[in-house]
*Asks:* 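Take this structure first; my questions come after.
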Amino acid sequence: MNGGNPILKNDLCKELFGENDSICKSEIKKSVKVIKWGDTTYFHTDYLRNTTQLKNEFAALLRKQIERNNGFTSMSLFYAECLLANKTMMEENHISNEIELFNFCQSYLSNLFNFQQPNILLKKSTNKTIPELIREKFFRIEFTDNEVFTYGELFSWSQMSITNGIILMAKSSHVRVSNSRFIPKDAFSQFEKWSDDVNRILSIEMDGDEYCLSSSLEPFSSFPHFDLPWNAYLLESFLSLLESRYRVLPVDKENRLQYFFIIVRKNSKYFFYNDLVANVLKKNSIKTLSEVEMEDFLLDNGLCEGGVPNSIKKDPQFHFSDGRFTF
């Protein structure tokens, strides 16, 4: 088949099945000797050399890596080590990238390992997503986002998957206390005794107003002093506590230079930033504004730090068209 080389699926389908894709898929599925090789290629196992030796070598390396990484490894990490130990045999068998190595091992070692691209685990292990693997690693310790990205990049995980791991921990096991720093919830509990002071300070700062822009409180000089430096992220974490008499209205973050949000009382009628903005416009009897005028309005009324949030532009209730808002 193809001179002993991997063959493209389209070529295989054309040569053997008259380009009938459904028959091609069915026959490949039934075959025990034609296996998935690359992203779009297949290979006939009769052309493989020293298969038993290769399987044993790969299985031994996988076990070592999985043990070294506390229960799993990734196909990129595995491929890099295989190149050092078995490059010649891999070349003889047309294994030229991590996908082909992954597919070879999945075909021959699935009785020993779970292959969950891009990760590989022992057969007895429960399949876990990348965010779950990240949480398992950092569950009980303080971390920074850079530390998590460095760890994830070791396994060539995507930035989105790593970010989702950080988000998972921020929602379940950790508290964000700065732009990049997260601490376990049980470690944060020692600071919860300051909640009453935070409530009192916000009551003074808001002084009867319906809302407050978080950045208007900077540099947080009136807030209690303890081991954590005050910033918007730490304040948001305090506002998430049950003891807080205030809560957060998130602001669309696509158009910002620094992190900010709106603070309202817990019994406020507002649950969405856009609804608050719409009501403030209505109270001021404003019917239309240019984008520049809208930005000035938001700044003057303590509703943003600069630029009109994209969530406002996309919201039908603000009717943004040709550079103007109509209400």
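Computed over heavy atoms, backbone and side chain alike; hydrogens, waters and symmetry mates excluded.
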*Asks:* Check this for me: Lys137, atom NZ, are more than 12 non-hydrogen atoms of other residues, nucleotides or ligands nearer than 6.0 Å?
*Replies:* no
*Asks:* If you measure from OG1 on Thr129 to CD on Gln116, what distance do you get to the nearest 0.5 Å?
*Replies:* 7.5 Å
*Asks:* Once rounded to the nearest 0.5 Å, what's the spacing between atom CD of Glu205 and atom CG of Leu217?
*Replies:* 5.5 Å
*Asks:* Just checking, Arg247 and Tyr270: is the charged tip under 6.0 Å from the six-membered ring centre and within 45° of the axis?
*Replies:* no
*Asks:* Looking only at the side chains, is there a donor atom on one of Tyr79 and Asn97 sitting less than 3.5 Å from an acceptor on the other?
*Replies:* no
*Asks:* Would one find more than 12 heavy atoms of other residues, nucleotides or ligands at under 6.0 Å from atom NZ of Lys171?
*Replies:* no
*Asks:* Between Lys185 and Glu192, does at least one N-O distance fall below 4.0 Å, as a salt bridge requires?
*Replies:* no
*Asks:* Between Trp230 and Phe223, does the ring centroid distance fall short of 6.0 Å?
*Replies:* yes
*Asks:* Distance only, no hydrogens: is a donor on one side chain within 3.5 Å (strictly under) of an acceptor on the other, for Ser158 and Ser161?
*Replies:* yes
*Asks:* Is it the case that the ring center of Phe325 lies less than 6.0 angstrom away from the ring center of His319?
*Replies:* no
*Asks:* Tell me if the CG atom of Asp227 is crowded by more than 12 foreign heavy atoms within 6.0 Å.
*Replies:* no
*Asks:* Using every non-hydrogen atom in the two residues, find where Lys123 and Asn114 come nearest and quote the distance to one decimal.
*Replies:* O-ND2, 3.3 Å
*Asks:* Is it the case that over 12 heavy atoms from other parts of the model lie below 6.0 angstrom from the CZ atom of Arg68?
*Replies:* yes
*Asks:* Taking the six-membered ring for Trp and the single ring otherwise, decide whether the centroids of Phe72 and Trp157 are under 6.0 Å apart.
*Replies:* yes
*Asks:* Is the shortest side-chain N to carboxylate O distance from Glu291 to Arg324 below 4.0 Å?
*Replies:* no
*Asks:* Are side-chain heavy atoms of Phe188 and Leu241 found at a separation under 4.5 Å?
*Replies:* yes
*Asks:* If every non-hydrogen atom of Phe155 is compared with every non-hydrogen atom of Ser76, which pair is closest and at what distance?
*Replies:* O-OG, 3.1 Å
*Asks:* Do you know which two heavy atoms are closest between Leu303 and Phe260, and how far apart they sit?
*Replies:* O-CE1, 4.4 Å
*Asks:* Using the ring centroid of each side chain, check whether His174 and Phe139 are separated by less than 6.0 Å.
*Replies:* no
*Asks:* Quick one: OG1 on Thr288 to CZ on Phe327, what's the gap to the nearest 0.5 Å?
*Replies:* 6.5 Å
*Asks:* Is the closest side-chain heavy-atom distance between Pro250 and Val248 below 4.5 Å?
*Replies:* yes
*Asks:* Is it true that, when you exclude Glu67 itself, more than 12 heavy atoms of the residues, nucleotides or ligands shown sit nearer than 6.0 Å to its CD?
*Replies:* no
*Asks:* Looking at Pro224 and Ile201, what are the two nearest heavy atoms and their distance?
*Replies:* CD-CD1, 3.7 Å
*Asks:* Taking C-beta and beyond as the side chain, do Pro184 and Arg140 meet within less than 4.5 Å on heavy atoms?
*Replies:* no
*Asks:* Shortest non-hydrogen contact from Lys55 to Leu109?
*Replies:* O-CD2, 3.9 Å
*Asks:* Would you call Ile130 and Asn164 a side-chain contact if the rule is heavy atoms closer than 4.5 Å?
*Replies:* no
*Asks:* For Ile134 and Ile162, which heavy atoms make the closest approach, and how far apart are they?
*Replies:* CD1-CA, 3.7 Å
*Asks:* Is it true that Lys36 and Glu100 make a salt bridge, defined as a side-chain N closer than 4.0 Å to a carboxylate O?
*Replies:* no
*Asks:* Below 6.0 angstrom between ring centroids: does that apply to Phe138 and Tyr151?
*Replies:* yes
*Asks:* Could you tell me whether Lys282 atom NZ has more than 12 heavy atoms of other residues or ligands within 6.0 Å of it?
*Replies:* no
*Asks:* Taking the six-membered ring where the residue is Trp, are the ring centres of Phe113 and Phe58 under 6.0 Å apart?
*Replies:* no
*Asks:* Is Tyr259 close to Asn231 at the side-chain level, that is, under 4.5 Å between some pair of heavy atoms?
*Replies:* no
*Asks:* Check Arg176 with Glu236, please: is the shortest side-chain N to carboxylate O separation under 4.0 Å?
*Replies:* no
*Asks:* Examine the side chains of Ser215 and Glu305 and answer whether a donor and an acceptor come within less than 3.5 Å of each other.
*Replies:* yes
